[in-house]
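Reviewing the structure listed below.
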Amino acid sequence: MLTLQRTDDDIIRLTASGKLTKADYDRFVPEFERMTATGGPVRLLIELENFAGWELPAIWEDLKFDVRHQDDLGRVAIVGDKAWQAWGTRLSKPFFKADMRYFERDHEAKAKTWLLQEES
C-alpha cells in the first residue's frame with residue numbers, strides 16, 4: 001500500500017507497506033500529481049513500513065513514475081530498518097537526479113532535518 005501526506009513543514013511523506021501492486025500506483029500517482037501541481041522541487045520522505053517489495057506489474061508502474069517525475073524531486077530521504085533497503089537506496093542513486101539518502105528508522109528526525117536543509 002502507498003499512502004501520501006503533506007507535513008506541516010511542506011515535506012511529502014510517502015509510506016510504502018506490504019507488497020506493492022499496480023492498483024497501489026493507480027491510486028498513488030494521481031494523488032501525488034495533485035499534491036505537487038504547484039511546482040518546485042518536492043522534498044520526499046519515503047517511509048518503508050513492513051515493506052515487502054513489488055509485484056511484477058507494480059515494478060513497471062514504479063519505473064514509469066520515476067522517469068516521469070524525476071525532475072519534480074528535490075531531496076529524497078528513505079527511512080527503513082532493513083539492510084537490503086539501505087543497499088537498494090545506494091544502488092539506485094546513480095539512476096536519479098534527486099539527492100537520495102537512506103536513514104535508519106530511529107534517525108527519522110535527522111532525515112527530516114536533512115530534507116529541510118538548503119541544497120548546495
If you measure from [atom1] on [X] to [atom2] on [Y], what distance do you get to the nearest 0.5 Å?
{"X": "L115", "Y": "F103", "atom1": "CG", "atom2": "CZ", "value": "7.0 Å"}
{"X": "E31", "Y": "T36", "atom1": "CD", "atom2": "OG1", "value": "10.5 Å"}
{"X": "K19", "Y": "N50", "atom1": "NZ", "atom2": "CG", "value": "14.5 Å"}
{"X": "R101", "Y": "H107", "atom1": "CZ", "atom2": "NE2", "value": "14.0 Å"}

Open item on the list: Main chain of V79, side chain of Y102: is a donor-acceptor contact present, judged purely on distance under 3.5 Å?
Closed with: no
Task: Contact list for residues 53-63, test salt bridge (charged side-chain N to carboxylate O under 4.0 Å, His left out), sequence neighbours left out - done: E61-K64
- [ ] List in chain and number order the residues that pass side chain to side chain donor-acceptor pair (under 3.5 Å) with K22, two or more places apart in sequence or in another chain; answer none if no residue qualifies.
- [x] D26
Task: Partner residues of E33 under the side chain to side chain donor-acceptor pair (under 3.5 Å) criterion, sequence neighbours left out - done: R68, H69
Open item on the list: For a 4.5 angstrom cut-off between non-hydrogen side-chain atoms, does L20 reach L2?
Closed with: yes
Give me the atom names and distance for the closest heavy-atom approach of [X] to [Y].
{"X": "R75", "Y": "W114", "answer": "NH1-O, 2.6 Å"}
{"X": "A77", "Y": "A111", "answer": "CB-CB, 3.9 Å"}
{"X": "L73", "Y": "V76", "answer": "CD1-CG2, 4.1 Å"}

Indicate if [X] and [Y] have the same hydrophobic cluster label, given that clusters are the connected sets of ILVMFWY residues with side-chain heavy-atom separations under 4.5 angstrom.
{"X": "V29", "Y": "L4", "answer": "yes"}
{"X": "F65", "Y": "L44", "answer": "yes"}
{"X": "I59", "Y": "M1", "answer": "no"}
{"X": "I78", "Y": "L14", "answer": "yes"}

Task: From I11, I12, T7, residue fulfilling side chain to side chain contact (heavy atoms under 4.5 Å, CB included) relative to L45 - done: I11
- [ ] May I ask you to decide whether R105 forms a salt bridge with E49, counting only side-chain N to carboxylate O separations under 4.0 Å?
- [x] no
Task: Cationic N near anionic O, under 4.0 Å, K112 to E108 - done: yes
Task: Parallel, tilted or perpendicular, as decided by the 30° and 60° cut-offs, for the rings of W54 and F51 - done: perpendicular
